[in-house]
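Proteins get letters first, then strands, A, B, ... in listed order; numbering begins at 1 in each.
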Number of protein chains: 2
Amino acid sequence: MHHYVRKGSQVLRKRGYRLTPQRHMILSVIQDAGEHLQVDEIARRVQAHNPNVSLSTIYRTLELLQKLGLIRTAHLPGDQPYYEAVSEDAHHHHLVCRHCHQTIHLDMDLLGSLHEQLQQAYGFHDVTLDLLASGCCPSCQQHFAQESQEHLPH
Amino acid sequence: MHHYVRKGSQVLRKRGYRLTPQRHMILSVIQDAGEHLQVDEIARRVQAHNPNVSLSTIYRTLELLQKLGLIRTAHLPGDQPYYEAVSEDAHHHHLVCRHCHQTIHLDMDLLGSLHEQLQQAYGFHDVTLDLLASGCCPSCQQHFAQESQEHLPH
DNA sequence: GTCGGTGCAAAGCCTTTGCAAAAGC
DNA sequence: GCTTTTGCAAAGGCTTTGCACCGAC
C-alpha cells in the first residue's frame with residue numbers, strides 16, 4: 001500500500017504538480033481499495049477522513065491521476081464510471097452480474113499472448129486489454145428463474 | 001438487413017409491444033449501422049427520416065430494445081454509451097484508440113472457449129464476453145510522439 | 001511571496017419523468 | 001374504443017466551470 005502512495009507522490013512532484021493532502025488522500029483511497037470504485041464511493045471514503053474535500057476537487061484529481069497514469073477508468077456496466085489503481089502486478093479482468101453488478105476479478109494472464117498479437121497485427125502501441133464478462137450470477141438466477149427469456153410483456 | 005428488421009418487428013409483437021414507426025426506424029438505424037452508435041448519432045439518423053421523433057422516444061426505445069435482447073450496450077471509452085445490434089453471427093470485440101477513439105472490430109472467436117470456461121468455473125449463466133483493447137493507434141502515435149510519457153506539466 | 005489548488009455555487013449536459021394528445025391493434 | 005406510445009417541457013443527477021481565497025513550495 002505505502003509503496004504505491006509513495007510512488008504516486010513522487011510522480012506528482014516530478015511532473016511539477018503540488019502534493020496536496022487532498023490528492024494524497026484520494027490516491028490512497030483508490031490504491032487501498034483493491035477494487036474499482038465509483039466517484040460517490042471515493043467521495044464517501046475521502047470525506048470520512050476530511051469532510052471538507054469537495055466533489056470538484058475529487059473530479060479534478062481523478063482526471064489528473066488518470067493523466068499521470070496512476071489510476072484508470074474501468075469500463076463496466078452501470079451509469080457511472082469506475083476507477084482503479086494502476087499497478088504492474090495487479091491488472092485483472094471482470095466478471096460482472098448484469099443484474100446485481102456483483103463483480104468477480106479474473107486473472108490478468110487469462111488472455112495469454114493476445115496482447116502482443118494485437119500490437120503487432122494492428123500497429124497500436126501501449127495496448128491494454130480489458131475483458132468484460134457479463135452474465136447472470138447464481139443468486140440472481142433464482143430471482144429471475146421464471147420471468148427469464150420468453151415471458152410477460154411490461 | 002431486412003432479415004433483422006423483420007425479426008425485430010416479430011419480437012416486439014410477440015412480446016405484446018406495439019410496432020410503431022418510431023421503434024421500427026430506431027431499430028433499423030442500429031441494425032443497418034454495422035457499428036456501435038451513440039445516442040446523438042442515432043437521433044441524427046432517425047431524425048433525418050422523421051424530424052419529429054423525440055429524444056425521449058429514442059431513450060425509451062433503446063431501453064426497450066435492450067430488454068428484448070435486440071440491441072446491447074457496448075462499454076467503450078467515452079462519456080456516452082454506445083449501442084449495437086445483437087445478432088448471432090456478428091458479435092465482435094473492439095480495439096479502440098485511446099486518443100481519437102478510432103475503432104477496429106476484432107473477430108468474435110478470438111477468445112476461444114473462454115466463454116464456457118467461465119460459465120462452468122463461476123456458475124454464471126448467459127455469459128457474454130466483451131474484450132476491450134485500448135491503445136494508441138498508428139496515426140495518433142505521430143501526434144503524441146514527443147509529448148508522450150515523461151513531459152511538460154500542465 | 002507566487003502561482004497552483006481548493007471550495008463553493010452556478011452552469012452544463014445528458015437522461016428521465018409527467019402528462020395530455022395521438023395512434024396501434 | 002381501449003390502452004399503449006409519443007412529444008413536449010420540466011425535472012433530475014452527475015460533472016464541469018468561474019472565481020475568490022488558501023496553501024504548497
Side-chain angles (χ1 to χ4, degrees), chain A residues 5 8-29 36-44 46-68 70-71 73-83 101 152-154, chain B residues 8-27 29 36-44 46-47 49-68 70-71 73-83 152-154:
Chain A
V5 173
S9 308
Q10 291 171 352
V11 173
L12 275 167
R13 307 286 279 282
K14 275 182 185 160
R15 294 279 215 103
Y17 296 98
R18 293 181 182 173
L19 178 55
T20 66
Q22 292 92 334
R23 287 174 175 171
H24 189 282
M25 183 79 248
I26 293 167
L27 180 56
S28 297
V29 162
H36 40 73
L37 300 176
Q38 292 183 319
V39 172
D40 63 342
E41 180 58 26
I42 294 171
R44 224 185 313 285
V46 167
Q47 289 169 347
H49 289 77
N50 178 355
N52 292 326
V53 176
S54 73
L55 263 180
S56 316
T57 298
I58 293 178
Y59 279 108
R60 284 186 282 228
T61 301
L62 289 174
E63 192 183 336
L64 174 62
L65 295 177
Q66 217 165 352
K67 187 164 76 177
L68 297 179
L70 294 169
I71 65 174
T73 303
H75 301 281
L76 302 178
D79 291 329
Q80 281 79 49
Y82 290 81
Y83 296 91
H101 287 190
L152 314 168
H154 314 196
Chain B
S9 308
Q10 291 171 353
V11 172
L12 275 168
R13 306 287 279 284
K14 274 183 185 160
R15 295 279 216 103
Y17 295 96
R18 293 183 182 173
L19 180 54
T20 65
Q22 291 91 334
R23 288 174 174 170
H24 190 282
M25 185 77 249
I26 292 167
L27 180 57
V29 162
H36 41 72
L37 300 176
Q38 292 183 320
V39 173
D40 62 343
E41 181 57 27
I42 295 172
R44 223 185 315 285
V46 167
Q47 289 169 348
H49 290 77
N50 178 355
N52 292 327
V53 177
S54 74
L55 263 180
S56 317
T57 297
I58 293 177
Y59 279 108
R60 285 185 283 229
T61 301
L62 289 174
E63 193 184 334
L64 175 63
L65 296 177
Q66 217 166 352
K67 187 164 75 177
L68 297 180
L70 295 168
I71 66 173
T73 303
H75 301 282
L76 303 177
D79 291 328
Q80 280 80 47
Y82 290 81
Y83 296 91
L152 314 168
H154 318 194

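Contact of B/S56 with D/dA10 (side chain to base): no donor-acceptor pair of N or O atoms is detected under 3.5 Å.
Between B/R60 and D/dT6 there is no side-chain polar atom (N or O) within less than 4.0 angstrom of OP1 or OP2.
A/I58 approaches A/V39 most closely through the heavy-atom pair CG2-CG1, 4.4 Å. Between A/L55 and A/A43, the shortest heavy-atom contact is CD2-CB, 4.1 Å.
Applying the side-chain contact (heavy atoms from CB on, under 4.5 Å) rule to B/T73 yields the partners B/Q66, B/H75, B/P81, B/Y83; only residues at least two apart in sequence or on another chain are considered. With sequence neighbours excluded, the residues that form a side-chain contact (heavy atoms from CB on, under 4.5 Å) with B/R23 are B/L12, B/Y17, B/R18, B/T20, B/T61, B/L64. Residues satisfying the side-chain contact (heavy atoms from CB on, under 4.5 Å) test with B/N50, not counting sequence neighbours, are B/N52, B/V53. B/E41 is linked by a side-chain hydrogen bond (donor to acceptor under 3.5 Å, both in side chains) to B/R44, B/R45, counting only residues two or more places apart in sequence or in another chain. Under the side-chain hydrogen bond (donor to acceptor under 3.5 Å, both in side chains) criterion, B/Q47 pairs with no residue at all, not counting sequence neighbours. Here A/Y82 pairs with A/Q38 under the side-chain hydrogen bond (donor to acceptor under 3.5 Å, both in side chains) rule; sequence neighbours left out. By the side-chain hydrogen bond (donor to acceptor under 3.5 Å, both in side chains) test, A/E63 pairs with no residue at all, sequence neighbours left out.
Put simply, CG on A/L55 is 14 Å from P on D/dG13, counting in whole angstrom units. In this entry the distance linking CG of A/N50 with P of C/dT6 reads 12 Å, nearest Å. Following rounding to the nearest Å, B/Q66 (CD) and C/dT16 (C1') show an atom-to-atom distance of 15 Å. Between the C1' atom of C/dG24 and the CZ atom of B/R23 lies a distance of 10 Å, rounded to the nearest Å. Counting to the nearest Å, the P atom of C/dT16 and the CD atom of B/E63 are 7 Å from each other. Summarising the geometry, the separation between CG on B/L64 and P on C/dT16 is reported as 14 Å, rounded to the nearest angstrom. B/L62 places its CG atom 15 Å from the C1' atom of D/dT5, with the value rounded to the nearest Å. Put simply, CD1 on A/I58 is 13 Å from P on D/dT16, counting in whole angstrom units.
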Protein-nucleotides 22-25 of chain D N/O pairs under 3.5 Å:
| unit_1 | atom_1 | unit_2 | atom_2 | d |
| --- | --- | --- | --- | --- |
| D/dG23 | N2 | A/R18 | NH1 | 2.4 |
| D/dA24 | N3 | A/R18 | NH1 | 3.4 |
| D/dC25 | OP1 | A/R13 | NE | 3.3 |
| D/dC25 | OP1 | A/L19 | N | 3.1 |

Between the protein and nucleotides 12-14 of chain C, list the N/O to N/O atom pairs that are separated by less than 3.5 angstrom.
none

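Counting any heavy atom pair closer than 4.0 Å across all strands shown, B/D79 reaches no nucleic acid atom. Contacts of B/N52 with the nucleic acid, taken as non-hydrogen atoms under 4.0 Å apart, involve only primed sugar atoms and P, OP1 or OP2.
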